[in-house]
Structure formats: structure tokens, C-alpha cells
Asks: 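Pasting a structure below so you can have a look.
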Amino acid sequence: MKLYNSLSHKTEEYVPNEPGKTAMYTCGPTVYHYAHIGNLRSYIMEDVLEKYLRYSGLDVTRVMNITDVGHLTSDGDTGDDKMLKGAKREHKSVMEIAKFYTDAFFEDCKKLNIKTPDVVEPATGCIGDFIKVISSLIEKGFAYEAGGNIYFDTSKLDKYYVFGDVEEEDLAVGVREGVEADGNKRNKADFVLWFTKSKFDDQELKWDSPWGVGYPGWHIECSCISMKHLGEYLDIHCGGIDNAFPHHTNEIAQSEAYLGHKWCNYWFHVHHLNTNSGKMSKSKGEFLTVSLLESKGYSPLVYRFFCLQSHYRKSLVFSYENLDNAKTAYERLISRTAALLDEGADGDVDAQALEKLKDGFTAALDDDLNTSNAVTALYDVFKADTNAATKLAALADFDRVMSLDIIENAKKMSDGAQDIPKEVEELVRRRQEARKAKDFALADKLRDEIAALGYSVRETRQGTEILPIK
Ligand code: AMP
Ligand code: ZN
């Protein structure tokens, strides 16, 4: 498989450290609010990567942290504390907020068929590990104490900006919001490993440390949690592209200074989901969550399909119009599969034809996880010159990676077609009449009533299609 590596800026053959295995780390969510569908785009694409590596026969161990302490709104060392902000907003304790939004995150993941990583570790459970690594960094001369905080000294590294040149302007991460620059730092790019002095006197979660009572910085969490579970050599580190700097840059700095050798070979960065007005955010515009999409009648798997239709290294624009197109395409995929089921899945699978179909699918994903072409490979199945049993076998096989519940939903549709409630049929009939009379307002109203009963209705060249909404 070829993968683009943000570290080398090249597409490279993926070769794990240990043959047959893969150690994979993912930056988990900061659990101060619901995940927006942009965050979830990253997790969907990382899920596809993990599943494809497994599909290819690798024994993958995937670890994810839960950031429940230390992440400030600027991604640097200033700004508000995200967890504290969430707790204040909801008049709850930080741990209550963390528990609530961790559960909410995994519920969203479940709806999107995102597999839970093998290890999920909240940062607050690893304070001893952070202290151990920070102590060693001080001993080795890579960290210093100033004004009560412990900082990483970036001037001790041969190369700090490993992902490319960073504009001087970007270094102002910490001073962006009119916050005063931290005068304790020896170098502009230095970052906090452990806070004992911060502007958050009301910080709820604090721990004793050799440097005083305080709490860890965000970056050290991921390095330590990864090393704790995956050892000194990491194959793939994932995250959204915004994490490359400063978060991942700092992770590399401190991990390699601590270990004394290269830490992670491949960096997989997912590009952003944007809205028409720019970067998606939890505070500006409509707060787009999985639940919001569901309340508007979109199945979470339609959103997964929408993400799979484009390459992870291209930014993707979200609009309801684009999502509607994905919905139509997804429903077509399911109804064509239902037609195959109706044709009969009992025949013998033609092994040669199946291999040929698989070749198209793996060629797409071997090419830097080109899910867009993998979706095309799904549609190619219907065109193939083979029997229904072989086509269904191919779809089931590809769905081990795509996780679109293709066969399950097609079965539901095929079974459901026989028992559409009379009430729904009547509404559909009235809607057809309204459309004939060009009363589209009434037709839309009836469509909503049909949706409220759990069905979607669509006019196709073959006639009216009534589908149960998942
Ligand atoms: P956070 O919960 O803020 O720590 O972010 C969780 C993950 O979502 C990180 O990997 C981010 O890089 C990623 N992310 C943040 N915004 C977006 C976006 N608009 N599109 C895709 N991924 C994002
Ligand atoms: Zn991280």
C-alpha cells in the first residue's frame, strides 16, 4: 500500500516496523463539547485506514487518548482551558463534562460505524507517566523550569519544524487572542510540559508533581499515552491537519528527545471539512453534529458515505445540497443491492470474478487510501458480468472496510418492501396526486409526514421508491 507521509511530503510504500504488525496512534477528542461532523470526518477516514490495514492482513493495535485536561483554546499555551470552559457553561464539574462528552463521542462513532480503538486512555489516568517523561527531559537538558512552569526547550533540537517551514506569524499561536506573550519562554516556539502557574486559578484538576501542584500540557499527553501502550516505535500517527503544528510537531520534539531515536515513521493527516463560510467550528454558525443531521432525516451512514466519496487529503465542503447528493447515491447503492438479494444469493460464487472485483477495490485503497475510487469500485460490482451471489460476496467483502451496512440495509429494504404500512402508502398516493397537480408545497409537506413515520420517498425512472429510514 502507498500512503502519503506528511513528514517526508511524499507518497511512500507503507512498511511497518515489525512485519505483519502495525502500531497506530490517533489523537482523540477534547471532551468539552459534542464532536462536530468535521472532527468526525477525521475519525471516519482514520477508521477506514485501520480497517484497510487489517483487511490487508496486518495485525493492528490502535491507541487513542481522550483529552480531558490541558487543552487550551489556542492549541498553544494560552487561551481558555477548554474543559473548564465546558464545565462553566454547563454548571458541572470537569469530570462530569468529560464523562458526558466521552460517552457522546463514542455514541456518534457507533452510529457512524467507527470502530473503537483497541486502547482508549484518558489523559487524567496517566499523570505518573507524564511526570516520568518530563523529569527525564529535564535531566537530559531538553526542558527547563521558569516562572513555575516546565517548558520544552526547542533550541536544543537540530530541527524543530519537521512538517515544513512555519511562518513566523503562525508562531503567534499563543498571542492570537490578544493574550500577552509568555515572558518565561526562552524561545518563541518553546511549549509548556507542566503548568503550575497559569491564569486558571480555578483549575479543578491538579496533581502533585516534583515542580509543584499543577497539570500537564496537552502535547505531552499524546506522546506518553502512545509510548505507554505502543512502545518506543510507532508506525502511523493520525490526526486532523490542524494538529500538524503545533501539536504533532511538539509531540515529535519531546518523544524523540526522550527516546533518543526516531519515534514515528508515517504521519497521516486528514484535511478539513469546511462550510461555505470557512472552517467548521463549534462556536460559529450552525453547530453541525451527527444528532442534528439525524433530526433532519439523514442517516449517519449517509454522512459516512459522503466522506468516503472524497479523498482524505482534499478539503471537503459540507452543504446540505452535497449531503442530499450523497443520500441519493447511498440509497441507490442499497436499492441495487436489494435487487441483487431479490435475484437470489444462493448461486455459487465465481472465485475468479470475485478476485477481479477485489483487485479494483484494493487498487483504489492501495493508492493512498483513495476512498473515492473505492466507492467507484463498489458501483463497478453491479456492472460486472457475473451472478448475484458473486456480486453480493464482493459487496460484503468491501464493506469490511467501508462499513456502510450495505447488505444489512439492503436486506431491510428487501424485507421492508413487503410490509410498508397502509398509512404510508396512502400518504405516498396523495403525494403523487399533489405532484401531478404541481402542488409542490403540499408534496413536500406530505414527504415530511412520510419521513415522520420512518420512510423516505423518491421518484425514480423505475417508479416511486419507498424506503425505510435507518
Ligand atoms: P479536538 O476534539 O478539537 O481535539 O479535535 C479532534 C480531531 O478533529 C483532531 O484530529 C482535529 O485535528 C480534527 N479536526 C478539527 N476540526 C476539523 C475539521 N473541520 N475537519 C476535519 N477534522 C477536524
Ligand atoms: Zn494528540
Side-chain angles (χ1 to χ4, degrees), residues 1-2 41 44-56 111-115 270 298-314 316 322-345 347 349-414 456 458 460-462 465 467 469-470:
M1 176 187 198
K2 286 201 161 45
R41 178 193 190 196
I44 288 170
M45 302 319 283
E46 292 161 6
D47 180 65
V48 176
L49 174 62
E50 175 188 347
K51 286 177 178 158
Y52 188 60
L53 293 172
R54 288 186 195 273
Y55 177 97
S56 312
K111 288 178 186 168
L112 291 164
N113 279 348
I114 297 172
K115 178 184 167 294
V270 180
Y298 298 99
S299 146
L301 291 187
V302 164
Y303 179 64
R304 183 175 174 108
F305 185 76
F306 169 74
C307 291
L308 297 186
Q309 282 178 313
S310 62
H311 194 259
Y312 75 92
R313 270 196 308 118
K314 287 202 181 112
L316 177 60
N322 293 346
L323 193 62
D324 281 334
N325 290 336
K327 186 170 187 240
T328 306
Y330 180 71
E331 283 170 355
R332 197 177 329 125
L333 176 68
I334 301 300
S335 65
R336 291 173 89 174
T337 308
L340 287 179
L341 285 170
D342 292 342
E343 229 175 272
V349 172
D350 175 346
Q352 225 180 339
L354 179 59
E355 275 321 301
K356 206 169 145 212
L357 287 170
K358 279 192 193 179
D359 286 347
F361 180 70
T362 54
L365 294 179
D366 280 341
D367 178 16
D368 191 23
L369 207 75
N370 194 325
T371 52
S372 162
N373 286 348
V375 167
T376 306
L378 278 177
Y379 284 113
D380 286 345
V381 170
F382 300 103
K383 288 190 243 154
D385 183 18
T386 185
N387 63 4
T390 307
K391 292 179 186 178
L392 287 165
L395 292 169
D397 183 66
F398 302 172
D399 215 27
R400 287 163 53 203
V401 178
M402 307 300 259
S403 294
L404 293 165
D405 288 356
I406 300 172
I407 305 287
E408 293 86 332
N409 280 343
K411 273 193 183 140
K412 273 189 217 155
M413 184 188 283
S414 174
S456 72
R458 205 164 60 95
T460 70
R461 249 178 276 156
Q462 287 77 34
E465 198 176 67
L467 306 174
I469 299 168
K470 200 195 147 200

Asks: Looking only at heavy atoms, which two atoms of M45 and S310 are closest? And how far apart?
Replies: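 Of all heavy-atom pairs spanning M45 and S310, the closest is CE-O, 4.0 Å.
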
Asks: Could you pull out the closest heavy-atom pair between H311 and N370, with the gap in Å?
Replies: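 Closest approach of H311 to N370: CD2-CA, 3.7 Å.
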
Asks: Within a strict 4.5 Å, meaning less than it, do heavy atoms of the E50 and E46 side chains meet?
Replies: no

Asks: What's the verdict on side chain to side chain contact (heavy atoms under 4.5 Å, CB included) for Y55 and D397, showing C-alpha distance, side-chain angles and the deciding distance?
Replies: CA-CA 9 Å; Y55 177 97; D397 183 66; 2.4 Å; yes

Asks: If only atom types and distance count, is the side chain of R336 paired as donor or acceptor with the main-chain N or O of F382 below 3.5 Å?
Replies: no

Asks: If you measure from OG1 on T390 to CG on D350, what distance do you get to the nearest 0.5 Å?
Replies: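 Atom-to-atom, T390:OG1 and D350:CG are 5.0 Å apart.
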
Asks: Taking D399 for its side chain and I406 for its backbone only, find out whether a donor-acceptor pair lies under 3.5 Å.
Replies: yes

Asks: Side chain to side chain contact (heavy atoms under 4.5 Å, CB included) between L369 and M1: does it pass, once the steps are laid out?
Replies: CA-CA 8 Å; L369 207 75; M1 176 187 198; 3.6 Å; yes

Asks: What pair of heavy atoms forms the shortest contact from S403 to L301, and how long is it?
Replies: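 Scanning both residues completely, I find the closest heavy atoms to be O-CD2, 3.9 Å.
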
Asks: Pair T371, Y312 - check side chain to side chain contact (heavy atoms under 4.5 Å, CB included), show working.
Replies: CA-CA 8 Å; T371 52; Y312 75 92; over 6 Å; no

Asks: Examine distances only and state if a side-chain atom of R304 and a backbone atom of M402 form a donor-acceptor pair shorter than 3.5 Å.
Replies: yes

Asks: Could you tell me whether the side chain of S414 and the main chain of A410 form a donor-acceptor pair under 3.5 Å?
Replies: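 The answer is no, because no donor-acceptor pair under 3.5 Å joins these two groups.
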
Asks: Between G347 and A389, which heavy-atom pair has the shortest distance, and what is it?
Replies: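 Minimum heavy-atom contact is O-CB, 3.3 Å.
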
Asks: Test K327 against F306 for side chain to side chain contact (heavy atoms under 4.5 Å, CB included), laying out the working first.
Replies: CA-CA 8 Å; K327 186 170 187 240; F306 169 74; over 6 Å; no

Asks: What is the ring orientation for F398 with F361, classed by angle as parallel under 30°, tilted 30 to 60°, or perpendicular over 60°?
Replies: parallel

Asks: Nearest 0.5 Å, please: how far is CG in L378 from CZ in F305?
Replies: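 F305 atom CZ to L378 atom CG measures 7.0 Å (nearest 0.5 Å).
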
Asks: Once rounded to the nearest 0.5 Å, what's the spacing between atom CD of E355 and atom CG of D359?
Replies: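 So the gap between those two atoms works out to 6.5 Å.
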
Asks: Tell me whether K412 is salt-bridged to D405, with the criterion being a basic N under 4.0 Å from an acidic carboxylate O.
Replies: no

Asks: If you compare all heavy atoms of K111 against all heavy atoms of P300, which two are closest, and at what distance to 0.1 Å?
Replies: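 Taking K111 first and P300 second, the nearest heavy atoms are O-CB, 3.5 Å.
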
Asks: Around K115, counting heavy atoms of other residues, nucleotides and ligands shown, do more than 12 lie under 6.0 Å from its NZ?
Replies: yes

Asks: May I ask you to say whether D380 pairs ionically with K383, meaning some side-chain N is under 4.0 Å from a carboxylate O?
Replies: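 Salt bridge: yes.
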
Asks: Within this structure, what is the CG-CG distance for the pair L112 and D47, rounded to the nearest 0.5 Å?
Replies: 9.0 Å

Asks: When rounded to the nearest 0.5 angstrom, what is the spacing between CG in L340 and CG in N387?
Replies: 10.0 Å

Asks: Say you draw a straight line from CG of L323 to OG1 of T328; how long is it, rounded to the nearest 0.5 Å?
Replies: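 One finds 9.5 Å between CG of L323 and OG1 of T328.
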
Asks: Search all heavy atoms of L316 against all heavy atoms of C307 and return the closest pair with its distance.
Replies: CD2-CA, 4.2 Å

Asks: Is the shortest side-chain heavy-atom distance between I407 and L395 below 4.5 Å?
Replies: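 Yes. Closest side-chain heavy atoms under 4.5 Å.
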
